[in-house]
Amino acid sequence: MMDPLIVATINTANLGEWSNIERIQRLAYSIVTDLQSPMVIAVQELGGLAQAGALTVRAMVADQIIDILRDEFQQNYQYAEIAPEPESSGGAENINIRCGFFYRSEIELKQLKQIGADSELFCGNDSGEFVSSRMPLLAQFQYGEALFYVINCHLKSMSTKDQTKKQAKKQRNKQAQLIADYIQENGLMDNPLFIMGDMNDTFASKTVQAMASQGFESAHHALKYQIYTYKYHKKPILLDYILYNNYVENIESSIAHINTDQSSDRAYSDHDPLMMICRIC
């Protein structure tokens, strides 16, 4: 039988080369201790500063994280992303956030592509009905003999300076439906499949259910209490998810409340990380 697989999702809250080194070290420490050094980490909101003349913006902070994980914790990771063009991914000005993956050297990244790269739902349009947003990433990994897929999402945020909340919600719902349609059109449900990331909505929402109702379970259902990853106007809310289909068996799930706990001295984000120990069936 295949060894258990640990996966996790983290919104790092605009982490970049400008960030304090202690904050970056706290993230690395949390990866090893709270998340038990996952094989795959879907990460959102790593950012980067645009360089003069560069067509894309790389998240150079990923190299710092990898170096700390290797030198201080003897954990060997690689990082994969499709770097965005400057000011094309939404969020704060010249932060250039994106979705990416950290993955252990024991597994192999076989494929990496964007979903919706030609859609106004992620690229935005001239009318302003839809604004630029992070591209979902689809990765195919090999773990031993098993191949599995992970979709990393950071859907349109609830609060926005460019849209009304109603417009943002409409865009977010349509983004989720586009991902669900992509899964069906490409037969991804015939393989072990995870959807991870910051969905910016509740589990019962039209946004999350557009994907979950395709035949997914959610890692948070294994938890009995303190089921939240963010505090919205000081109220705990679940915005970050690990969804998985019936080719995956959930062994254990956990949320580390180190970022939403105001008394924590280890915070590095405003979202709590979510992890799952599972087995590919």
Side-chain angles (χ1 to χ4, degrees), residues 7-15 19-20 23 26-27 29-31 33-35 41-47 89-92 95 97 99 131 133-134 136 152-177 179 194-213 216-244 250 252-276:
V7 298
T9 182
I10 309 173
N11 181 317
T12 63
N14 296 332
L15 193 74
S19 299
N20 187 293
R23 184 180 169 203
R26 288 173 185 171
L27 168 60
Y29 179 81
S30 180
I31 288 173
T33 58
D34 300 306
L35 305 181
I41 305 169
V43 61
Q44 306 88 44
E45 287 199 24
L46 287 188
S89 60
I95 297 300
I97 56 177
C99 296
V131 299
S133 182
R134 284 68 55 189
N152 183 359
C153 305
H154 183 195
L155 301 183
K156 188 70 192 71
S157 60
M158 293 185 286
S159 58
T160 173
K161 64 181 180 181
D162 300 314
Q163 299 171 298
T164 65
K165 289 190 176 182
K166 184 177 181 180
Q167 285 177 309
K169 187 173 186 65
K170 177 182 178 181
Q171 182 172 351
R172 186 167 60 250
N173 289 344
K174 287 182 174 293
Q175 287 178 339
Q177 188 60 55
I179 294 168
F194 301 86
I195 308 176
M196 305 188 207
D198 177 6
M199 312 301 184
N200 271 311
D201 221 326
T202 63
F203 186 72
S205 68
K206 184 177 179 180
T207 294
V208 179
Q209 285 303 307
M211 298 176 289
S213 64
F216 289 90
E217 184 58 85
S218 179
H220 82 274
H221 284 150
L223 305 176
K224 295 182 179 179
Y225 58 92
Q226 293 190 323
I227 306 173
Y228 61 89
T229 58
Y230 186 75
K231 288 192 175 177
Y232 184 63
H233 297 314
K234 297 184 179 181
K235 294 183 179 180
I237 186 173
L238 185 70
L239 296 180
D240 304 83
Y241 300 89
I242 298 175
L243 308 179
Y244 57 95
N250 185 357
E252 180 184 342
S253 305
S254 69
I255 300 171
H257 296 298
I258 55 174
N259 295 321
T260 57
D261 181 358
Q262 292 185 342
S263 65
S264 171
D265 60 359
R266 295 203 290 119
Y268 56 85
S269 177
D270 54 356
H271 286 247
D272 290 325
L274 168 66
M275 64 86 78
M276 183 173 80

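Being a predicted model, the structure only gives us computed values, none of them experimental.
Looking at residues two or more places apart in sequence or on another chain, you find a side chain to side chain contact (heavy atoms under 4.5 Å, CB included) between H221 and F203, E217, S218. Shown here are the side chain to side chain contact (heavy atoms under 4.5 Å, CB included) partners of A13, two or more places apart in sequence or in another chain: N11, R23, E45, S269, D270. For I10, the side chain to side chain contact (heavy atoms under 4.5 Å, CB included) partners at least two apart in sequence or on another chain are T12, L27, I31, L35, I41, Y268, P273. Checked against salt bridge (charged side-chain N to carboxylate O under 4.0 Å, His left out), R266 has the following partners two or more places apart in sequence or in another chain: D34. Q171 meets the side chain to side chain donor-acceptor pair (under 3.5 Å) test with Q163; sequence neighbours excluded. For K231, there are no salt bridge (charged side-chain N to carboxylate O under 4.0 Å, His left out) partners, not counting sequence neighbours. Under the side chain to side chain donor-acceptor pair (under 3.5 Å) criterion, S133 pairs with Q175, not counting sequence neighbours. Residues satisfying the side chain to side chain donor-acceptor pair (under 3.5 Å) test with N259, not counting sequence neighbours, are none. Partners of K174 by salt bridge (charged side-chain N to carboxylate O under 4.0 Å, His left out), not counting sequence neighbours: none found. Listed by chain and residue number, D261 satisfy the side chain to side chain donor-acceptor pair (under 3.5 Å) test with S263 (two or more places apart in sequence, or in another chain). Evaluation of the side chain to side chain contact (heavy atoms under 4.5 Å, CB included) rule for L223 yields I227, S253, I255 as partners, not counting sequence neighbours. Residues satisfying the salt bridge (charged side-chain N to carboxylate O under 4.0 Å, His left out) test with D201, not counting sequence neighbours, are K169, R172.
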